[in-house]
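Take a look at the structure set out below.
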Amino acid sequence: MKDPIGTRDIGPRVGTPLWLYMAAATAAGAALLAFSSLELGLDQLANLAGEPLVWVLLCMVTLGELRPIAMPGQAPGSGAPTSLPFTFALVIFYGLPVAALLQCAATVIAGAARRHAPHRTAFNAAQYVLTLGTADAVLRLTLPGIVTSPWLPAGGELIAIALAGAASFLVNRVLVLSAVAMHERVPLQQVMFKGLGQQVYVNTVLLSLSPLIVIAMTHSVLYVPLFAFPLGALYTSALLSVKRDHQANHDELTGLANRKLLTVRARQEVDQAHQRGTRVGLLLLDLDRFKEVNDTLGHPTGDRLLQTLARRLTHSVRPADLVARLGGDEFAILLPQVRDTASAREVALRLRGALSEPVRMDGMDFDLQVSTGIALYPDDAPDFELLMQRADVAMYVAKADRTGVESYDPGKDRNSTARLSMYSELRRGLADGALEMHYQPKVSLADDRPIGLEALARWRHPHRGLLTPDEFMPVIEHSNLFRAFTGQVLDITLARVAQWRKAGLTLPVAVNLGVRELLDPELPETVAAALREHGVPPGQLVLEISEQTLITDLGATTGAVERLRSLGVGLALDDFGTGHFTLAQLAGLPLDEVKIHGSFTARLVDGTANGRTVVHGAIALVHALGMRTTAEGVQTRALAEAARDTGCHAAQGHHLARPMKARDVPAWMSAHDTGTPV
């Protein structure tokens, strides 16, 4: 699995600390290899070259270099090599000279096969020699009698072998991670303990095979290749796990981090910056006029262009910076360590220059410009959610003013003061129980009976009165209040549903979910706990997910929808027909119902045959997928009749019933549950 955006094959600049370190390590490894090789005479080398066992081991070590045990969070193609047990067995059986020579040969072959840069291959070979030299030294110190080659250890000598393995693991980790820390420009302790437990476990498993391989070597050369089967199973299992992890956290098209990974990483960096007293920068980039490429040349060409731009972005930032694709032609750059706004602006200008170079594709040159917004923690925002919002504001200012790059300026954010004030008031309102739920009935178009309710949140503001979601949901979606909001909505709604059940009213009640709520990993447990607490059957709760929510990150949201489906709750797609979602995408989702947006439903009575045909065709295809359809925004009797004639099974709108307070629902239901026209 080759990393399409990896930067480790880019050579360090001469004279930098990383260049000096790699040069010193390579020289030390070469010196140790040359010195240890003096123990082997020409006759002994000739004898070894004629042994089939040596060639079999070289093949196994080379194959192991090409098949490392991948681990989550590591770059593709890296990890503990499955060559480790064979190389360590060579140290035990033959000693350092033979083990180092075979390992260096295998490293060069594997480096050429994987197209590693020469400096990277040389450093890898050198660190292997130094690591094996450490193991050999520990064996010689703990077992002074080792002077012959080959040597077969006895059972009581396994402790010395374990010490040698532990020492080699420690030296190898320090050598490699020191280079990684310099490459990514982060403190050594930040990477030294990352994934340490898993690394220790995998290396222990691999090294424990070495004594068995030594025993097999003494009996028959044919036994040695048999170890490829358990190692192959271990490699395949780890690879599948890493692929799943990679797919969940990376964009499928470009290989960049997705919004989920950006959020997790940014929160970690913000927490560390808070402890260190440093700054974190966030850049949001949006390509100008990219839609023209898709519309003119098609999406395949646009996709290839995005892949090219993703590589340019990755190779224009520091290794420790995170490049993410948020969706469409929008990208984000996380700068874990940045001095000030001027430094972040330098990065943005460098990226702008890299992306502005013409891209030649299909015989054409593409000149694209990018608009970039910059925001810094803690200068511009106290947390990641607001940092994202502020960078977004700056990006749109850059796009509107056509300046290319803009830093966040509160004076240009007309909503910043009002939003901050609303954020504080909303936080207090949630704590004080100022949230109310109103309920709008959903009516069957076949017999005019109510068949469900939709719960709609209202906030009773102390000065502005009762506010609708349009006035406060943007603040919730872009802050850390979404989890508390979702919990209260479910608690209030399900408590009311439980009361209605006791009174004999058992219609399903729908609750809306935003993108933040849907992608919250704790949402399934929150829903399940609320259902248990109020004793409401899962089938009486319907979760409505809007088109805009699903297209934010279709892969992640599909997984979230499937987890909710496992709870047994109903699922509905809200606002269908607003132009974001396709029926092909709809087919892959476990939904019960599709709610047609009012703007789409209105085409049934707009006087054009094309409008009615499009809506009728969409509804027919939804039915073919086994899902029900509900017309939203039904404001007139004519529209209700047109929706019924087109095949919609239900409708919502002011013509049928307006949202009402919970106390008014039972009386309304009693008056309208007789089949009389609403």
Side-chain angles (χ1 to χ4, degrees), residues 4-5 249-263 266 281-317 321-335 344 347-362 364-375 387-406 478 515 519 547-557 578-582 584-585:
I5 56 173
N249 292 287
H250 291 80
D251 175 59
E252 183 178 359
L253 176 65
T254 62
L256 297 175
N258 60 13
R259 185 184 293 268
K260 176 183 175 182
L261 181 57
L262 173 68
T263 302
L282 182 66
L283 277 59
L284 287 189
L285 295 81
D286 187 82
L287 298 177
D288 300 333
R289 303 186 308 278
F290 181 74
K291 186 176 183 296
E292 298 174 9
V293 177
N294 281 335
D295 292 345
T296 305
L297 301 175
H299 287 277
T301 300
D303 289 347
R304 289 163 53 205
L305 189 58
L306 288 175
Q307 291 170 339
T308 300
L309 297 179
R311 288 193 293 271
R312 288 189 178 184
L313 284 174
T314 305
H315 288 79
S316 300
V317 299
D321 300 337
L322 181 68
V323 183
R325 183 187 179 210
L326 303 181
D329 58 348
E330 191 174 7
F331 297 84
I333 314 291
L334 180 67
L335 308 176
V347 176
L349 291 173
R350 184 168 68 247
L351 294 172
R352 181 175 170 81
L355 296 182
S356 63
E357 296 180 8
V359 179
R360 187 161 186 81
M361 195 174 294
D362 297 333
M364 300 177 60
D365 287 333
F366 295 91
D367 294 300
L368 293 177
Q369 298 296 324
V370 62
S371 298
T372 305
I374 304 171
L387 189 67
M388 176 77 83
Q389 177 189 344
R390 301 290 166 76
D392 193 54
V393 169
M395 186 263 289
Y396 278 105
V397 171
K399 185 178 285 288
D401 296 347
R402 298 188 177 183
T403 55
V405 178
E406 285 287 342
H478 292 88
V515 62
L519 294 181
E547 273 195 2
Q548 186 62 45
T549 296
L550 285 175
I551 67 167
T552 300
D553 187 342
L554 186 59
T557 53
T578 52
H580 303 293
F581 210 62
T582 68
Q585 294 169 317

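- Glu406 and Thr403 get closest at one heavy-atom pair: OE2-OG1, 2.9 Å.
- Note that CG of Asp392 and CE of Met388 are 8.0 Å apart. Values are rounded to the nearest 0.5 Å.
- Side-chain contact between Leu287 and Leu305 is absent, with no heavy atoms from C-beta onward closer than 4.5 Å.
- Taken to the nearest 0.5 Å, the CZ atom of Arg325 stands 10.5 Å off from the CG atom of Leu309.
- A side-chain contact (heavy atoms from CB on, under 4.5 Å) with Leu334 is found for exactly one of Leu261, Leu262, Asp321, namely Leu262.
- Between the CG atom of Leu306 and the CZ atom of Arg311 there is a distance of 11.0 Å, given to the nearest 0.5 Å.
- In this view, Arg312 and Thr308, Leu355, Glu357, Val359 satisfy the side-chain contact (heavy atoms from CB on, under 4.5 Å) rule, not counting sequence neighbours.
- Expressed to the nearest 0.5 Å, how far CG of Leu282 lies from CE of Met395 amounts to 10.5 Å.
- By the side chain to side chain donor-acceptor pair (under 3.5 Å) test, Asp286 is found to be paired with Lys399, residues two or more places apart in sequence or in another chain being considered.
- Closest heavy-atom contact between Ala375 and Ala391: CB-N, 3.6 Å.
- Among residues two or more places apart in sequence or in another chain, the side-chain contact (heavy atoms from CB on, under 4.5 Å) test is passed with Ala348 by Leu283, Thr372, Ile374, Val405.
- Listed for the Arg350 side chain is no donor-acceptor partner under 3.5 Å among the backbone atoms of Val317.
- Within the model, atoms OG1 of Thr314 and CZ of Phe331 stand 9.0 Å from one another, a figure rounded to the nearest 0.5 Å.
- In terms of heavy atoms, Gln307 sits closest to Leu253 at NE2-O, 3.2 Å.
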